[in-house]
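Worksheet: the structure to be examined is printed underneath.
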Amino acid sequence: MKKISSELENTRTTFSFLSRLKRNPQVDNALWNEIEEALIQADVGVTATSRIIDVLQAKSKEMKLSSTESILDLLKEQLKSTLQKFNTELNEGGNPSVWVFVGVNGAGKTTSVAKVANWKSKENERIVLAAGDTFRAAASEQLEKWANSCGAELIKGADGADPSSVIYDATEYAHAKNASLVLADTAGRLHTKSNLMQELEKIVRVANKGSGTVTEILLVLDATVGQNSLQQAKSFAESVDLTGIILTKLDGSSKGGIIFAIAEELAIPIKLIGIGEGKEDLIPFDSEVVVEKILDFQEDS
Amino acid sequence: MFDTLTDRLGNIFDRLRSRGKLSESDINAVMAEVRTALLEADVNLKVAKQFQDKVTERCVQSEMHTALNPAQQVIKIVNDELIEILGGQALTLAYSDKPPTVVLLAGLQGVGKTTNAVKLAKWFKSQGRNPILIGADLQRPAAVEQLRVLASNIDVPVFSESSDPVIVARNGLSEAISSGRDVLICDTAGRLSIDEDLMNEIRQISDEIQPHYTFLVIDAMTGQEAVNVAETFNDKLALDGMILTKLDGDSRGGAALSAKTIVGKPIAFASTGEKVEDFEVFHPDRLASRILGMGDVLTLIEKAEDAFDHQEAQKAADRLLSGQFNLEDFLEQMQQLKKMGPLQNIVGMMPDLPQGVNPDDVDETRLTRVEAIITSMTYEERDRPEIIDGSRRSRIAKGSGTSIQEVSLLLKQFKEIKRMMKGAVKPNKKKKKKSSKGRKGKQNSRAKREINKTANAFDLGEFGSFKN
């Protein structure tokens, strides 16, 4: 996997939020306002932002911090610790293990499947991809092209086929061929469509029926999306037992700050982050990287 | 769901009710709530501030009208201002004298450009035009295949080739001219606004085909970033308007306000579902009330008037309140409700949903199942559900193709509604919340919400008469 620094370099500017604030050492209301605005502009959300600031103010008072720099360091630590509480390992152990990728339309599920396939293939694991998105036109062709480019095998059904059966077939095929891991793509579904959410419950149920064991259900979230991501995570978690989140499109100028609300309210760990369109552009979650990105603000000044 | 602005303001105004006039500090308190509501709806912080200043100014200047209470007045001002910004000058599509009329679509990855290119093509067809689609997304694997499959469903040709997006666009234009197509829609690859190479590429495409209309396709769920995206694309391409997608989700859609404020060009179309038909000319007033969580009361009244027979409704409401309500009445109410259009849309328009109800969480097929259960009962059973014993239950379940559990659940819930309505007692909020644990409980609570909503149908009758 690639190092992130070069990928994220282009979003950096010399006038980052942190460096600009540090030039004004005074701890006053303006500082708190600046922090509040920065968090809100990073899509952290009004509620989570005020919660974060309340804690930060209480702690800095207790610790008698008097410089902007020490407060910002504390903020960084606080944000990091919210995200570090979780185990971000990806679980295998089935024969084969099945990782199911779920999410709303356009979040980047198929691309994430491809990236994981590429990464796991490089580790010499034998991978089978399941083209479980039988709804979107040409979704399986998209996955097929990826599969070819990273040497993974692909099981697909006809357009409109029952996604559960496609994924089931993939697990049996993987079992027979001694492949250790099945990566199952699914159709994008808005979390508000209860029939599609039921379909997802079925997919997971059926994937567990044969030789395969579902060891990861990964919700793919687009960092560009704002407050609705929390709602998405809630609804998906209600239908299936989410084991983790893949936060995509972090290579843009989006910050994905909603993950704090998700971490606090739902305790779902972020396991991977997507930082580009190439098949290498997926890296394990690193709270340092994500928090840096959230606080590293481009300013108009 | 977030608290609605109406709820938030309600709390403030309760304190103020005794006073006739709003002081400046009252207005500031109100505006702080408006700001929070906007931010929770994903309106960009800077845009929200700007908006807040504008509304405050109007509130301070405007004479307080004695006929309206302060809450209504402020909401009215806020709403008017929102509509003004979201709407502004509407887009009137003029077709080029020298066909084809060229339309270029641009946007981030995953916003729905390809799907909406086809929806737009279908819309042009419905206007009596002959569109052609150009597949210039050579970046995402199989994007052109996706376009071809979707386009063949609506019988619109696609031009693409595996060369370079700029060349595809150029050759696509010649193809449109030689094949006599009068509208050309060019789909492009998703690109990040900070990716200079790709932004330059789309600029070249634009230079090549000289579009009459350039639309930014923007996801209704977009967060704070919407302004930067809109700004960069507008700088590069001089946008003519926007297409707002994924409005069928439950996001508030504040991104639209952000983008609109920055670009100053109209939101031309909105995509409201996965089907090709789910695409319409944008209604600013509907989005305004959605951003603020006020419900789309006006549209609801219109729809209700079209479809709802209010004498019938009144009769049913009387029966309900007097406790004579039976399953037959219940069935009729459901059918009335269905006449008003897709249930999801209707429920989303209601201003005051019971707590915990997600407006889009309604599934039409569940209603159909309830309908099947009731129609599988004898008239006697519908009138007096208490006679339904075990063997009748299993017969009804078989007849309706459902399960005994579902029949029992319906009967239980019906009994509950009847009990509630008889005393005109409000549903017990605590009780409703309890049922969120476990699978069974979840279904139970969902079905219950549905019935709550069906019960809401009676209010619709009142809306109708209120308007008369």
Side-chain angles (χ1 to χ4, degrees), chain A residues 10-11 37 40-43 45-47 49 104-108 110-111 114 135-146 149 159 188-195 198 201 222-229 231-232 235 238-239 248-249 251-258 276-277 298 300, chain B residues 1-2 35-36 39-42 44-46 108-112 114-115 139-150 153 190 192-196 219-226 228-229 245-246 248-252 254-255 274 344 358-366 436 442 446:
Chain A
N10 52 0
T11 65
E37 295 194 350
I40 283 174
Q41 290 193 68
D43 286 320
V46 180
T47 317
T49 296
V104 300
N105 316 61
T110 307
T111 309
F135 179 80
R136 179 163 60 95
S140 62
E141 282 84 343
Q142 183 183 351
L143 197 57
E144 194 162 23
K145 290 188 178 173
W146 282 114
S149 84
D159 277 351
R189 62 200 75 228
L190 285 177
H191 53 290
T192 51
K193 309 266 159 98
S194 67
N195 54 338
Q198 278 171 4
E201 290 170 26
D222 178 345
T224 326
V225 171
Q227 301 307 299
N228 196 246
S229 286
Q231 205 55 44
Q232 290 173 24
S235 306
E238 239 180 68
S239 287
T248 62
K249 308 188 198 175
D251 48 332
S253 39
S254 310
K255 315 278 180 187
I258 189 68
E277 279 189 310
Q298 190 174 336
D300 298 337
Chain B
M1 287 299 272
F2 306 114
R35 175 174 176 268
T36 306
L39 292 175
E40 282 183 344
D42 286 322
N44 180 274
L45 180 67
K46 287 173 187 159
L108 301 179
Q109 290 94 341
V111 293
T114 305
T115 312
Q139 188 96 0
R140 179 163 58 95
V144 176
E145 280 91 328
Q146 182 187 357
L147 188 64
R148 285 192 199 280
V149 173
L150 293 174
N153 293 340
L192 292 168
S193 49
I194 55 163
D195 187 329
E196 272 180 42
D219 185 333
M221 302 188 284
T222 313
Q224 294 286 317
E225 208 35 38
N228 294 335
V229 172
T245 66
K246 303 186 202 170
D248 47 334
D250 58 357
S251 72
R252 284 277 157 91
E274 290 197 340
Q344 269 190 336
N358 174 354
D360 297 307
D361 186 17
V362 190
D363 183 356
E364 196 104 15
T365 58
R366 284 167 194 265
S436 59
K442 200 168 79 195
R446 276 210 185 144

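Reminder, nothing fancy here: chain letters follow the sequence lines and each chain counts from 1. All values derive from a computational prediction rather than experimental measurement.
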Find out whether A:Thr192 and B:Asp248 are in side-chain contact, i.e. whether some heavy atom of one side chain is under 4.5 Å from a heavy atom of the other.
no
Grab the two heavy atoms, one from A:Leu190 and one from B:Gly249, that are nearest each other, plus how far apart they are.
CD1-N, 3.6 Å
Identify which of B:Thr245, B:Leu45, B:Asn44, B:Asn153 forms the greatest number of heavy-atom pairs closer than 4.5 Å to chain A.
B:Leu45
When the 4.5 angstrom heavy-atom criterion is applied to A:Glu277 and chain B, the contacting part is side chain
Is B:Thr222 close to A:Asp222 at the side-chain level, that is, under 4.5 Å between some pair of heavy atoms?
no
Quick one: what part of B:Arg140 sits under 4.5 Å from any heavy atom of chain A, side chain, backbone, both or neither?
side chain
Please examine the side chains of A:Thr224 and B:Asp219, heavy atoms only from C-beta on, and report whether any two atoms are closer than 4.5 Å.
no
Given the rule in the side-chain contact (heavy atoms from CB on, under 4.5 Å) test, do A:Asp43 and B:Asp42 qualify, once you have shown the distances and angles that lead to the verdict?
CA-CA 8 Å; A:Asp43 286 320; B:Asp42 286 322; 4.3 Å; yes
Which portion of B:Gln139 sits near chain A, non-hydrogen atoms under 4.5 angstrom:
side chain
Measure distances from B:Leu108 to the heavy atoms of chain A and classify the residue's part below 4.5 Å as side chain, backbone, both or neither.
side chain
Hey, is A:Glu141 close enough to B:Arg148 for a salt bridge, meaning N to O under 4.0 Å?
no
Report yes if the side chains of A:Lys145 and B:Glu145 come closer than 4.5 Å at any heavy-atom pair, otherwise no.
yes
What verdict does the side-chain contact (heavy atoms from CB on, under 4.5 Å) test give for A:Val46 and B:Arg35, after you've listed the backbone C-alpha separation in whole Å, the side-chain angles of each residue and the deciding distance to 0.1 Å?
CA-CA 10 Å; A:Val46 180; B:Arg35 175 174 176 268; over 6 Å; no
Drop me the distance from A:Ser254's OG to B:Asn228's CG, to the nearest 0.5 angstrom.
8.5 Å
Toward chain A, the part of B:Leu39 with a non-hydrogen atom under 4.5 Å
both
